[in-house]
2 protein chains.
Amino acid sequence: MSGIADVARLAGVSKATASRALSGRGYVSETTRNLVAHAASEIGYVVSSNASSLVTGQTKNVGVVVPYLNRWFFAEMLEGIETALIEAGYDLTLYRLTDDVEQRRKVFEYFLVRKRVDAVIAVSVALSESEVTRLKSLGKPLVGVGGHAEGMTTLSIDDVAAAKLATEHLISLGHRRLVHLGGHPEEEMDFPVHERRLAGFRDALEEAGIPPTGTFQPSSFTIDGGYRAALRMLTDPRTRPTAVFAASDEIAIGLIVAARQLGIRVPQDLSVVGIDGHDLADMFGLTTLEQHPKRQGRLAVDLVMEELAAGPGAARNRSVTVPVDFAPRSSTTAPQGARP
Amino acid sequence: MSGIADVARLAGVSKATASRALSGRGYVSETTRNLVAHAASEIGYVVSSNASSLVTGQTKNVGVVVPYLNRWFFAEMLEGIETALIEAGYDLTLYRLTDDVEQRRKVFEYFLVRKRVDAVIAVSVALSESEVTRLKSLGKPLVGVGGHAEGMTTLSIDDVAAAKLATEHLISLGHRRLVHLGGHPEEEMDFPVHERRLAGFRDALEEAGIPPTGTFQPSSFTIDGGYRAALRMLTDPRTRPTAVFAASDEIAIGLIVAARQLGIRVPQDLSVVGIDGHDLADMFGLTTLEQHPKRQGRLAVDLVMEELAAGPGAARNRSVTVPVDFAPRSSTTAPQGARP
DNA sequence: GCCTGTTGTGGAACCGGTTCCACTACTGAC
DNA sequence: GTCAGTAGTGGAACCGGTTCCACAACAGGC
């Protein structure tokens with residue numbers, strides 16, 4: 001395995017000059033630069049990022065913490081982050097954070113802190129206060145996506161407003177019997193998105209003067225979860241709503257599949273609106289609010305790069321809100337009998 | 001940021017002893033070990049993995065190359081790999097390999113080679129010969145999952161046999177008008193899985209004496225792809241098959257959704273079998289062959305660890321085949337009219 | 001009592017780069 | 001002609017650990 005000393009020897013210059021020539025820093029004559037570059041490619045030289053990181057203190061590596069990999073939102077987000085990081089010349093080290101306390105502690109204490117990452121992007125993970133301070137104490141940028149944790153830069157949609165908007169869409173169509181199919185506030189890693197979307201839903205109900213009792217049904221944030229929750233909810237025709245606001249498109253899709261299976265027509269018998277902008281929304285004709293997670297991922301990387309460039313002195317508690325796009329499709333319409 | 005020298009000073013020992021005490025290598029008395037451990041936790045010391053890697057030559061980091069993140073198979077696989085690597089004390093650096101030649105070259109030349117990873121796991125990426133040799137020339141273990149590339153250790157199911165098995169299941173039920181909905185052999189990053197599953201399908205047809213003409217329909221490897229391909233295929237009732245072997249569960253699910261939408265009953269009017277063992281297979285009653293990608297991911301890590309333990313001298317061209325499990329559900333039955 | 005082997009510790013070299021500093025050569029301004 | 005400033009280069013220190021080697025102390029075998 002050849003090192004920079006070999007390159008220097010072959011080019012007939014010192015290690016210092018070889019280093020400058022290859023990294024582009026400092027004064028090097030055009031001739032020498034070419035000489036060194038040629039020598040390097042001759043022996044297939046590549047820098048040891050370890051040695052380089054050791055002295056510069058930069059690892060050119062960003063840690064990304066994610067709770068799930070097999071859900072649309074997270075996969076898209078990760079893809080956006082990965083693409084942007086590669087473009088910026090950074091590596092991506094992936095950690096999946098479960099709710100296993102021991103594994104979680106291990107990831108934090110053992111991995112993230114080991115001076116191996118320049119920054120951390122946490123996707124939809126509710127970090128504990130001690131976890132945040134631990135990370136911040138290293139002086140490394142910490143950007144959260146999808147959660148408004150205190151004391152760190154965050155990037156997300158306005159969940160309350162989005163939920164309210166979706167609900168208002170249903171109400172404006174004439175619906176009065178609404179249900180929100182969403183994550184249980186105290187389950188699923190106590191992630192605050194659940195309660196925010198519920199809050200936005202309740203806000204809209206309240207403003208329309210609709211009583212909130214019996215309007216919430218818990219569901220796991222997956223297609224299968226939405227399907228099972230829908231089967232439970234739709235079997236009794238007397239309590240069946242005319243419209244459902246699903247907390248995610250995956251829930252909404254599961255609901256639509258269940259409804260079709262039960263012979264309930266969407267949208268004639270049941271209007272459905274979701275949040276996400278899932279790839280499959282079009283296929284199911286799902287009206288939704290697109291939140292472009294891929295784009296959010298790129299944006300999160302931008303924020304990281306800004307903080308990295310600003311150096312350790314800068315203020316780091318921005319809170320960026322990204323807009324959602326309303327994408328009306330065929331899954332929502334006025335309730336039966338409300339039309340003349 | 002405190003270093004091992006600070007720990008040594010605080011504990012009143014030399015750097016060498018502090019290093020031995022913390023790493024557990026070499027002779028250290030019980031007393032000294034405790035002393036050092038205490039000093040380290042006192043000042044919140046964590047090793048610099050850069051410095052450590054620099055001298056040991058080990059990065060405790062594995063590069064994982066994946067073509068997609070938002071497809072079930074890859075997400076599951078990645079999850080299995082991630083879990084196993086964390087357990088083994090390794091980091092996971094993620095690279096998504098698109099078919100953009102430039103980005104691909106960049107990932108290989110610039111990232112993977114930079115002495116930053118101890119090994120590489122390539123998931124379903126058809127590596128070019130030069131890419132394989134480039135990687136192998138570094139003396140690092142290279143394990144491929146889902147593809148039988150030459151000159152490297154690979155892990156996968158027997159695609160030909162699995163496809164044949166699925167098709168035979170349909171034939172044994174009495175079906176004679178079969179279609180294979182699968183990836184186009186010359187598309188989608190020319191991944192060899194496509195042609196293998198097609199080959200297995202054709203083998204089964206041939207053994208049953210069924211002519212193969214008009215039995216293949218190309219489809220993208222997604223739910224949406226299966227849906228669109230199904231709409232094309234199912235609209236003409238005269239050419240409509242009585243059974244479909246889909247190359248993946250996602251294709252199969254898209255097909256089932258399309259069929260339901262067109263009023264074609266599954267399985268009465270159309271039997272469907274897939275390959276994968278997708279989370280949603282149960283929800284759609286899909287008969288399939290489970291290939292447990294999560295388990296495959298763990299296995300791939302095991303192989304990497306074995307090669308890492310064996311050292312650079314060992315032979316590295318094993319080819320491990322993992323079994324599939326037949327999971328019969330309600331999407332397959334005998335064709336209408338074939339029963340008495 | 002001597003020799004060998006094991007345990008325990010410290011000094012110093014080393015991993016492979018980057019960067020500070022010293023030094024030379026040359027240019028242009030006064 | 002002198003002086004300041006810039007371009008270009010090399011020597012050596014340094015990043016933060018690990019490990020080789022030397023050395024001391026002490027055990028047990030003969």
Side-chain angles (χ1 to χ4, degrees), chain A residues 1-37 39-40 43-61 89 91 110 113-118 138-139 312, chain B residues 1-37 39-40 43-61 89 91 110 113-118 138-139 312:
Chain A
M1 202 79 21
S2 47
I4 201 173
D6 302 306
V7 176
R9 200 177 311 120
L10 188 59
V13 298
S14 70
K15 267 174 64 181
T17 301
S19 173
R20 278 188 293 253
L22 291 171
S23 67
R25 279 182 289 268
Y27 295 118
V28 187
S29 76
E30 194 56 32
T31 332
T32 315
R33 191 185 309 281
N34 290 336
L35 213 60
V36 173
I43 59 177
Y45 167 80
V46 276
V47 290
S48 158
S49 47
N50 281 319
S52 164
S53 295
L54 181 56
V55 48
T56 61
Q58 288 184 26
T59 62
K60 289 283 181 181
N61 187 26
D91 276 350
Y110 188 54
V113 163
R114 271 164 64 190
K115 297 169 189 166
R116 189 178 264 181
V117 295
D118 288 340
L138 301 169
Chain B
M1 202 81 15
S2 46
I4 202 173
D6 303 304
V7 176
R9 200 177 312 118
L10 187 59
V13 298
S14 70
K15 267 174 65 181
T17 302
S19 173
R20 278 187 293 253
L22 292 171
S23 68
R25 281 182 287 267
Y27 295 117
V28 188
S29 76
E30 195 57 30
T31 331
T32 316
R33 193 186 307 281
N34 290 336
L35 213 59
V36 173
I43 57 177
Y45 167 81
V46 277
V47 290
S48 157
S49 47
N50 281 319
S52 164
S53 295
L54 180 56
V55 48
T56 61
Q58 287 185 25
T59 62
K60 288 285 181 180
N61 188 26
D91 277 349
Y110 188 54
V113 163
R114 271 164 64 190
K115 296 167 191 169
R116 189 178 265 181
V117 296
D118 289 340
L138 301 169

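Proteins get letters first, then strands, A, B, ... in listed order; numbering begins at 1 in each.
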Could you list the residues that satisfy side-chain hydrogen bond (donor to acceptor under 3.5 Å, both in side chains) with A:Thr32, not counting sequence neighbours?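 For A:Thr32 the side-chain hydrogen bond (donor to acceptor under 3.5 Å, both in side chains) partners, ignoring immediate neighbours, are A:Ser29.
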Among all residues two or more places apart in sequence or in another chain, which pass the side-chain hydrogen bond (donor to acceptor under 3.5 Å, both in side chains) test with A:Ser52?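 Partners of A:Ser52 by the side-chain hydrogen bond (donor to acceptor under 3.5 Å, both in side chains) criterion come out as none, since no residue qualifies.
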Given DNA chain D, 5'-ward residue of the pair A:Arg33 and A:Ala51, judged by closest heavy atom: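 The residue closer to the strand's 5' end, by nearest nucleotide, is A:Arg33.
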Pairs under 3.5 angstrom only: tabulate donor-acceptor contacts from the side chains of residues 11-22 of chain A to other protein residues two or more places apart or in another chain.
from	atom 1	to	atom 2	distance (Å)
A:Ser14	OG	A:Ala16	N	3.4
A:Ser14	OG	A:Thr17	N	3.2
A:Ser14	OG	A:Thr17	OG1	3.2

Any side-chain heavy atom of B:Val36 within less than 4.5 Å of one from B:Val7?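 The answer is yes; the side chains approach within 4.5 Å.
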Polar atoms only, N or O, under 3.5 Å: list the protein pairs with nucleotides 6-8 of chain D and their distances.
from	atom 1	to	atom 2	distance (Å)
D:dA7	OP2	A:Tyr27	OH	2.4

Nearest heavy-atom neighbours spanning A:Leu54 and B:Ser48: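 For A:Leu54 versus B:Ser48, the nearest heavy atoms are CD1-OG, 4.4 Å.
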Using side chain to side chain contact (heavy atoms under 4.5 Å, CB included) as the criterion, list what pairs up with B:Thr59, not counting sequence neighbours.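 Checked B:Thr59 against side chain to side chain contact (heavy atoms under 4.5 Å, CB included); matches are A:Asn50, B:Ser53, B:Asn61, B:Asp118.
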Could you tell me which residues satisfy side chain to side chain contact (heavy atoms under 4.5 Å, CB included) with A:Val46, sequence neighbours excluded, listed by chain and number?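 Side chain to side chain contact (heavy atoms under 4.5 Å, CB included) list for A:Val46, sorted by chain: B:Val113, B:Lys115.
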Pairwise salt bridge (charged side-chain N to carboxylate O under 4.0 Å, His left out) hits with a residue in residues 4-14 of chain A, at least two apart: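 Every salt bridge (charged side-chain N to carboxylate O under 4.0 Å, His left out) pair that includes a residue of residues 4-14 of chain A, provided the two are not neighbours, is A:Asp6-A:Arg9.
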First and last nucleotide of DNA chain C in contact with chain A, 5' to 3', at under 4.0 Å to a heavy atom: what are they?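 The contacted stretch runs from C:dG16 to C:dC20.
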Taking any heavy-atom pair under 4.0 Å as a contact, classify A:Ser19: base, sugar-phosphate, or nothing.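 Base contact.
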Sort me out a list of protein N/O and nucleotides 21-24 of chain D N/O pairs below 3.5 Å, or just none if empty.
none

Using five pairs at either end of the helix from C:dG1-D:dC30 to C:dC30-D:dG1, determine the angle between the two local helix axes and round it to 10 degrees.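 The angle separating the two end axes equals 40°.
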Salt-bridge present (A:Asp91, A:Lys60; N to O < 4.0 Å):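 Answer for the salt bridge query: no.
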